[in-house]
Visitor: 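I have a structure here, written as structure tokens, and I will follow up with some questions on it.
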2 protein chains.
Amino acid sequence: MKAKEELPECPVATAVALIGGKWKLLIIRNLRVRPWRFNELRRDLEGISQKVLTDSLRQMEDDGLVFRHDYGENPPRVEYGLTELGRQMIPAMDSLADFGAYYKTIVS
Amino acid sequence: MKAKEELPECPVATAVALIGGKWKLLIIRNLRVRPWRFNELRRDLEGISQKVLTDSLRQMEDDGLVFRHDYGENPPRVEYGLTELGRQMIPAMDSLADFGAYYKTIVS
DNA sequence: CGGGATCCGAGATGATACTG
DNA sequence: CAGTATCATCTCGGATCCCG
């Protein structure tokens, strides 16, 4: 979890710090429905590399947005999902999606 | 304005394409109140370089989110503000700000 | 004042190989 | 399957200089 002192004053800047970057919002978009396994997520995101997906998930885990559940099985089985805190992000993501959808109706 | 073909299928990805990056949401946060002059914006954002501010504003102008009004005066006077399309972004930004504010109450 | 143009480095991202 | 480790690449953003 990020230390309080590292967070910007501005709440917008805080949100950007948490979900900025190319993939995090897309990861949240997927995880909102149900937990996903690693490679399943990787295939669906299509274009993301292993490393970047790992890094992104780790950061979001550190920030308390995502949980990681390792079933300890063999072959390995690990699932990622949204924490309660991560779920609080959903309305904002929906708003962004609304804007994205609206934008496409305008420019086409 | 971005060509329709360049836009991702997913509305979330579209939004990310438009307001991704470190500064664009912060620029929108400022411009929502009123038009700003270039250096005024630059000073307020504090940390952004000329180049990055210029690039960001140009892209947002190309995407139809921001207008640029050159008064053609001397000394130069140029103002940047949100277009109607850009204003449609405001609710999403408010949602993000809400999330950012909430997040800070949790982690502190 | 409001930029444009150029150069440059760090960090983000990507590709590949390997492991338990 | 779910990573780690390593190396390559590339984009973002910063520094600097210039102009009308």
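All values below were derived from every heavy atom in this structure, side-chain atoms included, with hydrogens, water molecules and symmetry-related copies excluded. Here is the naming used below: chain letters follow the sequence lines, and residue numbers restart at 1 for every chain.
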Visitor: Could you state the CD-P distance from B/E73 to C/dG3, rounded to the nearest angstrom?
Guide: 13 Å
Visitor: Taking the ring centre of each residue, are B/H69 and B/F67 less than 6.0 Å apart?
Guide: no
Visitor: To the nearest angstrom, how far is A/E40 atom CD from D/dC1 atom C1'?
Guide: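 My rounded result for the distance is 12 Å.
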Visitor: I want to check one thing: is the phosphate of C/dC1, taken as OP1 and OP2, less than 4.0 Å away from some side-chain N or O of B/R42?
Guide: no
Visitor: Are the side chains of A/R68 and A/V78 in contact, using a 4.5 Å heavy-atom criterion?
Guide: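 Sidechains of A/R68 and A/V78: in contact.
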Visitor: Has A/K51 got a side-chain N or O lying under 4.0 Å from the OP1 or OP2 atom of D/dA8?
Guide: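 For D/dA8, OP1/OP2 do not have a side-chain N/O of A/K51 under 4.0 Å.
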Visitor: Rounding to a whole Å, what distance do you find between A/D70:CG and D/dT4:C1'?
Guide: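 Atom CG in A/D70 sits about 15 Å away from atom C1' in D/dT4.
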Visitor: Rounded to whole angstroms, how far apart are CZ on B/F38 and C1' on D/dG20?
Guide: 16 Å
Visitor: Could you work out which one of D/dC1, C/dT13, C/dG3 sits closest to the side chain of A/P75?
Guide: D/dC1
Visitor: If you look at every strand shown and take non-hydrogen atoms under 4.0 Å, does A/Q50 touch a base, only sugar-phosphate, or nothing?
Guide: base
Visitor: Would you say the side chains of A/Y103 and B/Q88 form a donor-acceptor pair under 3.5 Å?
Guide: no
Visitor: Which nucleotide wins on minimum distance to the side chain of B/S49, given the candidates D/dG20, D/dG13, C/dT13?
Guide: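 Side chain of B/S49 sits closest to D/dG13.
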Visitor: Counting heavy atoms from C-beta on, name the nucleotide in D/dT4, C/dG4, D/dA2 closest to the side chain of B/T54.
Guide: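 So the side chain of B/T54 is nearest to C/dG4.
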Visitor: For B/I27 and D/dG13, what is the distance between atoms CD1 and C1' respectively, to the nearest whole Å?
Guide: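 Those two atoms, CD1 and C1', are 13 Å apart.
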Visitor: Starting at CD of A/E79 and ending at P of D/dC1, how long is that distance when rounded to a whole Å?
Guide: 14 Å
Visitor: Between B/N39 and A/V52, who's closer to the 5' end of DNA chain C by nearest nucleotide?
Guide: B/N39
Visitor: Quick check for you: among C/dG2, D/dG3, D/dA2, whose closest atom lies nearest to any side-chain atom of A/P76?
Guide: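 For the A/P76 side chain, the nearest candidate turns out to be D/dA2.
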Visitor: Distance check: side-chain N/O of B/R37 vs OP1/OP2 of C/dG3, anything under 4.0 Å?
Guide: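 No, because none of the side-chain N or O atoms of B/R37 sits under 4.0 Å from OP1 or OP2 of C/dG3.
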Visitor: If you count every heavy atom of other residues, nucleotides or ligands that lies below 6.0 Å from A/E84 atom CD, does the total exceed 12?
Guide: no
Visitor: Once you apply a heavy-atom cut-off of 4.0 Å, does B/G47 come out as touching a base, just sugar-phosphate, or nothing?
Guide: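 Result for B/G47 = sugar-phosphate.
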Visitor: Rounded to whole Å, how long is the line connecting atom CG of B/L57 with atom P of D/dG13?
Guide: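 One finds 13 Å between P of D/dG13 and CG of B/L57, rounded.
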Visitor: Expressed in angstrom and rounded to an integer, what is the separation of B/I48 atom CD1 from C/dG2 atom C1'?
Guide: 15 Å
Visitor: Can you find a heavy atom in the side chain of A/L41 that is under 4.5 Å from one in the side chain of A/L31?
Guide: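 Yes - at least one pair of side-chain heavy atoms lies under 4.5 Å apart.
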Visitor: Name the nucleic acid region contacted by A/R58, choosing base, sugar-phosphate or nothing; use a 4.0 angstrom heavy-atom cut-off, strictly under.
Guide: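 Sugar-phosphate: the residue A/R58, judged by heavy atoms under 4.0 Å, touches backbone atoms but no base.
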Visitor: Looking at D/dG3, I'd like to know if its phosphate oxygens (OP1 or OP2) sit under 4.0 Å from a side-chain N or O belonging to A/Y80.
Guide: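 True: A/Y80 side-chain N/O within range (under 4.0 Å) of D/dG3 OP1/OP2.
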